[in-house]
Amino acid sequence: MKITLEKVHGSMNTFYMVDGEERDDYANLALQLCAKDQGVDGLLVILPSNSAHAKMRVFNRDGSEASMCGNGLRCVARYVCEKEGVDEAVIETMKADLAVRREETLMDGIETYSVQISPVSFQLKDLPMEYDNQTTLIQQAIPEISEEIMFSAVAVPNPHLIGIVPEEIQKSPEHQKKWAEKFNGQNNYFSDGVNVSYVTKVGQGIFVRTYERGVGFTNACGTAMTASALISCMSDMVPFGEVAVYNPGGMVKCTVNKSGDTFELLLTGNATRLSVHEFQWEEEQVDSEFTAFEILDEQRQYEKFIEEISVVVEQFAKRKE
Ligand SMILES: N[C@H](CCC[C@H](N)C(=O)O)C(=O)O
């Protein structure tokens, strides 16, 4: 079956995106596309919805389906808003219908969208995570890992383990890689894996590097950056409100507001279109031609944005090409 795909990114977290009908084999499409393209982190599927303008499903490189994707939702938001000719919309996701909106550009020529990140739960059963019969894990050392890293577990609603780490640990990915690989393999804590983020204060904001469940290290993980901003506000590293979150793929703004004992989270950042492709999708992977028949030039502008903030980003991490 011939399908049209867009290649898009949010903070250089890159996806193929397809506008299709409900089917039960999109994991197979994700595996085929990711086998062909090492530079992509997963597949976004846009589907009809009974409750919203559209529905988003997201599949990781390993074919596993996630309940949410913050960077991907910005790209889906742009596609749906431009298709419907609106600046605001609602997108159905696995656990919630989320508000999305077109925003002032981060920089000229960089389409920018905000997306709601919800629901939020600190209950370990919602990740899921098993740890010493605890029901929550917030700003706590896990002695097996380190005495100097404060960890927090939160579902937004996909699962995140957030560690506030000193600069010297952040400077090299080895420590994070060791534990993220353990928690996404055979282990007693996370039966369904977990996205692992290391967070360090930088300037007025934070720097976040994430090892994503089902993918590995990515340039950015939208739900992880938002969860990291939430934990950074709760631990008084930064004030509540708008948090500048730097990552190897650029920078986003996360807005963290507390009302009573609930949190409202918003993720604002680029939604960049890279190219458009035709793909012959067969049951078995065929070596069909997989060329871009349209290369867009939005990336040039995004590179200028990266240059502007590289001094902050490059002290911790080089971007994955
Ligand atoms: N790897 C994540 C899904 C993708 C989320 C990430 N790309 C984002 O922007 O939030 C998980 O399995 O929970």
Side-chain angles (χ1 to χ4, degrees), residues 7-17 26-27 30-31 33-34 39-45 56-79 91 93-96 98 100 112-121 126-129 153-162 176-177 180-181 183-185 189-197 199 208-231 245-254 265-272 319-320:
K7 190 170 182 180
V8 295
H9 77 73
S11 276
M12 298 295 285
N13 187 200
T14 306
F15 302 93
Y16 282 107
M17 186 168 73
Y26 281 115
L31 287 168
L33 295 172
C34 293
V40 79
D41 300 322
L43 171 69
L44 303 167
V45 183
M56 174 185 80
R57 293 178 70 187
V58 52
F59 296 86
N60 290 311
R61 277 192 68 84
D62 68 353
S64 61
E65 183 168 8
S67 54
M68 218 337 234
C69 177
N71 289 322
L73 184 56
R74 299 200 309 273
C75 299
V76 169
R78 175 180 177 185
Y79 178 88
I91 306 292
T93 66
M94 193 185 285
K95 300 279 176 69
L98 301 176
V100 301
T112 304
Y113 280 77
S114 64
V115 299
Q116 210 185 346
I117 302 287
S118 178
V120 178
S121 171
D126 290 334
L127 272 81
M129 178 183 189
V154 60
V156 289
N158 57 338
H160 291 276
L161 181 67
I162 310 288
Q176 182 177 7
K177 185 170 184 289
E181 285 177 341
F183 293 149
N184 285 287
Y189 297 105
F190 299 96
S191 56
D192 194 23
V194 65
N195 300 285
V196 179
S197 294
V199 183
V208 179
R209 177 175 42 221
T210 304
Y211 183 105
E212 284 196 42
R213 173 180 69 167
V215 189
F217 278 115
T218 58
N219 286 309
C221 174
T223 46
M225 292 189 283
T226 311
S228 299
L230 170 58
I231 299 303
V245 182
Y246 297 91
N247 52 76
M251 186 273 275
V252 294
K253 287 186 294 184
C254 294
L265 305 179
L266 207 58
L267 167 66
T268 304
N270 75 300
T272 297
R319 174 166 36 122
K320 265 178 52 180

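As the structure is a prediction and not an experimental result, all values here were calculated from the model. Read the numbers this way: they start at 1 and go in the same order the structure lists the ligands and their atoms. Count residues from 1 along the sequence.
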Does ligand 1 have any atom sitting under 4.0 Å from a heavy atom of Met68? yes
Rounded to the nearest 0.5 Å, how far apart are CE of Met225 and CD1 of Ile162? 11.0 Å
For His9, the option from Asn71, Thr14, Asn270 that meets side-chain hydrogen bond (donor to acceptor under 3.5 Å, both in side chains): Asn270
For atom 9 (O) of ligand 1, closest protein heavy-atom neighbour: Gly222 N, 2.8 Å
For atom 10 (O) of ligand 1, find the nearest protein heavy atom and state the residue, atom name and distance (0.1 Å precision). Thr223 OG1, 2.6 Å
Does only the side chain of Phe15 get under 4.0 Å from ligand 1, or the backbone, or both, or neither? Count heavy atoms. side chain
Yes or no on side chain to side chain donor-acceptor pair (under 3.5 Å) for Thr223 and His160, after CA distance, side-chain angles and deciding distance? CA-CA 8 Å; Thr223 46; His160 291 276; 3.0 Å; yes
Quick one: look at Asn158 and ligand 1, take heavy-atom pairs under 4.0 Å, and tell me if it's side chain, backbone, both or neither. side chain
Specify the closest pair of heavy atoms between Pro159 and Gly193, including all atoms of both residues, with the distance to one decimal. CG-O, 3.8 Å
Report, in ascending order of atom number, the atoms of ligand 1 lying under 4.0 Å from any heavy atom of Ala66. 3 (C), 11 (C), 12 (O), 13 (O)
Hey, is ligand 1 close enough to Pro159 that some N/O pair sits below 3.5 Å? no
Do Asn219 and Ser11 have side-chain heavy atoms sitting under 4.5 Å apart? no
Examine ligand 1 and decide if any of its atoms is less than 4.0 Å from a heavy atom belonging to Cys221. yes
Region of Asn60 engaging ligand 1 - heavy atom pairs below 4.0 Å: side chain
Once you restrict to heavy atoms under 4.0 Å, what part of Asn13 touches ligand 1? Side chain, backbone, both or neither. side chain
Just let me know how Asn195 lines up against ligand 1, side chain, backbone, both or neither, with a heavy-atom cut-off below 4.0 Å. side chain
Side chain to side chain donor-acceptor pair (under 3.5 Å) for Asp62 and Ser64? Distances and angles first, verdict last. CA-CA 6 Å; Asp62 68 353; Ser64 61; 2.6 Å; yes
Which heavy atom of the protein is the closest neighbour of atom 5 (C) of ligand 1, given with residue, atom name and distance? Glu212 OE1, 3.6 Å
Between the side chains of Asp41 and Thr218, is a donor N or O closer than 3.5 angstrom to an acceptor N or O? no
Should we say atom NZ of Lys253 is surrounded by more than 12 heavy atoms from elsewhere, each under 6.0 Å from it? no
